[in-house]
Protein chains: 2
Amino acid sequence: MNSNPATTTPTNGAGATEVAPASSPTFSPLYQQIKALITQGLESGEWKPGEIIPSEVELAARYKVSQGTVRKAIDELAADNLLVRRQGKGTFVATHNEDRVQFRFLRLLPDDGDAHPHVSRLLECRRLRAPAEIARQLDLKPADPVVLIRRLLQFDGETTVFDEIWLPGAVFRGLTAERLADYKGPLYAMFETEFGTRMIRASEKIRAVAADAPVAELLKVTVGFPLLSVERVSYTYGDRPVEVRRGWYVTTGYYYQNDLS
Amino acid sequence: MNSNPATTTPTNGAGATEVAPASSPTFSPLYQQIKALITQGLESGEWKPGEIIPSEVELAARYKVSQGTVRKAIDELAADNLLVRRQGKGTFVATHNEDRVQFRFLRLLPDDGDAHPHVSRLLECRRLRAPAEIARQLDLKPADPVVLIRRLLQFDGETTVFDEIWLPGAVFRGLTAERLADYKGPLYAMFETEFGTRMIRASEKIRAVAADAPVAELLKVTVGFPLLSVERVSYTYGDRPVEVRRGWYVTTGYYYQNDLS
DNA sequence: GAGTGGTCTAGACCACAGC
DNA sequence: CTGTGGTCTAGACCACTCT
């Protein structure tokens, strides 16, 4: 039938000319099945972030479909930011490392100019049992182990962001303050290279809140000062949540940039 | 050569088998030229919002290209939300009217549930000369005529949003408080059907600010209360700015939803 | 020159909507 | 049944990159 791409080859076309049998109630186009197969390869680690994947011709041969079908599958994966096409070179697995795609997840910009390297200052990194709300958002059982990271971000020397980051303990097993402090570059790059967990997408809830005493002191503002509250849940392959991040942003001189299209 | 799609037909292929001459320094794919031609048809009003455009076969014949090339052009226009494909029916010009695509531009959601019809209360609508900053953002000359709309939005009876909306006076010539009050439905739908100006995309700068006295009174909060400040510039065809909107949102019980992907 | 992705074509067939 | 968009194929050629 036309439903189970869990095997190595797509379900259509034992022969070459035969195409979608279709008419089944759960019809799925061939290229969607190919897309799922490629995603499996990404998820299983067959092709790692930054690496090149086989050429379209090779994949077409492997999956016994035409190059055009592979192309359409890759097109969608590239649109989803899972793959990156480079004409003349090949197709690569997207990575949080050597990319200026970090402005995809940190959208705080200065009122003037644009570029802004930031410095992270780690406050703590400890393991504890998940509070009920965090467990719910991470799809864990209550009291499952989690890692809590608290940190400050400075832009041009100004303390601008306070983050509380919650991660499932089972996935981030060897994560310690030392390893965090040693690592250069964005957190998501570390998660990807050190723990094999790649953030694919995120969903944010944004509010304006008044600074309470502890946060006010960290961000060097007065109690009651208006802060941008950003609550983010990040997802990896299969839409599995793997991070809850609660951020408090000082938005004097900086703003959160968003494009509606 | 391969550069001027301002004429009625694409620049490639006088014959049928001849394809892109290319090798020119300003190479542009055929489907991009088709895309530009279709966009012209949208902008000129040849096909109006909500209407159906010619079938792929027809367009292919008109432009003297293959159906596949037209298809790729339409695919991109649909991805940009300028067109909407409906299998079995045809391809339609996107519209702000009969669509639940209004949640694309108003992203305030209640903490529980999801749906939320809102009521608009018009405070004023008057014409004046553009302040320097507004003129700059709307790409007008200082002191050019503009329309200023001030209004409140209520969700479930709660006053949640105060908006100041600036529009170029030349485009919105007959816009009055009466017409605004009479019109049912979202503003962008009215702009589209009454003034032929369709909003395509928008860019927002979001901050947390303290309510000042006038805004606090309108939103029924205390002075200094944290509000979400949303400054939006909206664009129509050709990336021409046609609206500046400054909103103040009460985010207790509501949040601004954003997806990073 | 060889290999990669990118474009374009032509033709076949399928899924869906409306008559 | 007809017309629409949606899928799939096969082949040709172009643009880009590296050797």
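Chain letters run A, B, ... following the sequence lines, proteins first, then strands; residues in each count from 1. Since the model is a prediction, treat every value here as computed from it, not as a measurement.
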Let me know the distance between [atom1] of [X] and [atom2] of [N], rounded to the nearest Å.
X	N	atom1	atom2	value
Ile52(B)	dG18(C)	CD1	C1'	12 Å
Arg85(B)	dA17(C)	CZ	P	15 Å
Tyr31(A)	dT9(D)	OH	P	13 Å
Glu56(A)	dT9(D)	CD	P	13 Å
Gln32(A)	dC14(C)	CD	P	20 Å
Asp75(B)	dG5(D)	CG	P	11 Å
Leu30(B)	dA12(D)	CG	C1'	15 Å

Distance-only polar pair, side chains of [X] and [Y], donor-acceptor under 3.5 Å:
X	Y	result
Glu204(A)	Tyr256(A)	yes
Asp259(A)	Ser261(A)	no
Ser203(B)	Gln257(A)	yes

Which atom pairs link the protein and nucleotides 16-19 of chain D when you take only N or O atoms and keep those under 3.5 Å?
from	atom 1	to	atom 2	distance (Å)
dC16(D)	O4'	Gln87(A)	OE1	3.2

**Prompt:** Heavy-atom distance under 4.5 Å between the side chains of Asp111(B) and Tyr254(B), does that happen here?
**Reply:**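 Answer no - side chains too far apart.
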**Asked** Nearest heavy-atom pair of Leu167(A) and Leu138(A): which atoms, and what distance?
**Response**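 Heavy atoms only, the tightest pair is C-CD1, 4.1 Å.
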**Prompt:** From the list dT7(C), dG5(D), dG5(C), which nucleotide is the closest neighbour of the side chain of Thr91(A)?
**Reply:**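 When the side chain of Thr91(A) is considered, dG5(C) is the closest of dT7(C), dG5(D), dG5(C).
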**Request:** With the side chain of Glu58(B) defined as its heavy atoms from C-beta on, choose the nearest nucleotide among dT4(D), dG6(C), dT9(D).
**Result:**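 Given the options dT4(D), dG6(C), dT9(D), the side chain of Glu58(B) is closest to dT4(D).
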**Item:** Closest-nucleotide 5' rank along DNA chain D - winner of Ser55(B) and Thr69(A)
**Value:**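 So the residue in question is Ser55(B).
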**Asked** Where the side chain of Glu51(B) meets the backbone of Lys48(B), is there a donor-acceptor pair that is under 3.5 Å apart?
**Response**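 Yes.
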**Residue Arg173(A) excluded, over 12 heavy atoms near CZ under 6.0 Å** =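 No, not enclosed.
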**Message:** Would you say Lys72(A) places a side-chain N or O within less than 4.0 Å of OP1 or OP2 belonging to dC8(D)?
**Reply:**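 Lys72(A) to dC8(D) OP1/OP2: no side-chain N or O under 4.0 Å.
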**Asked** Quick one: is Arg86(A) getting a side-chain N or O under 4.0 Å of the dT4(C) phosphate, OP1 or OP2?
**Response**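 Indeed not, no polar side-chain atom of Arg86(A) lies that close.
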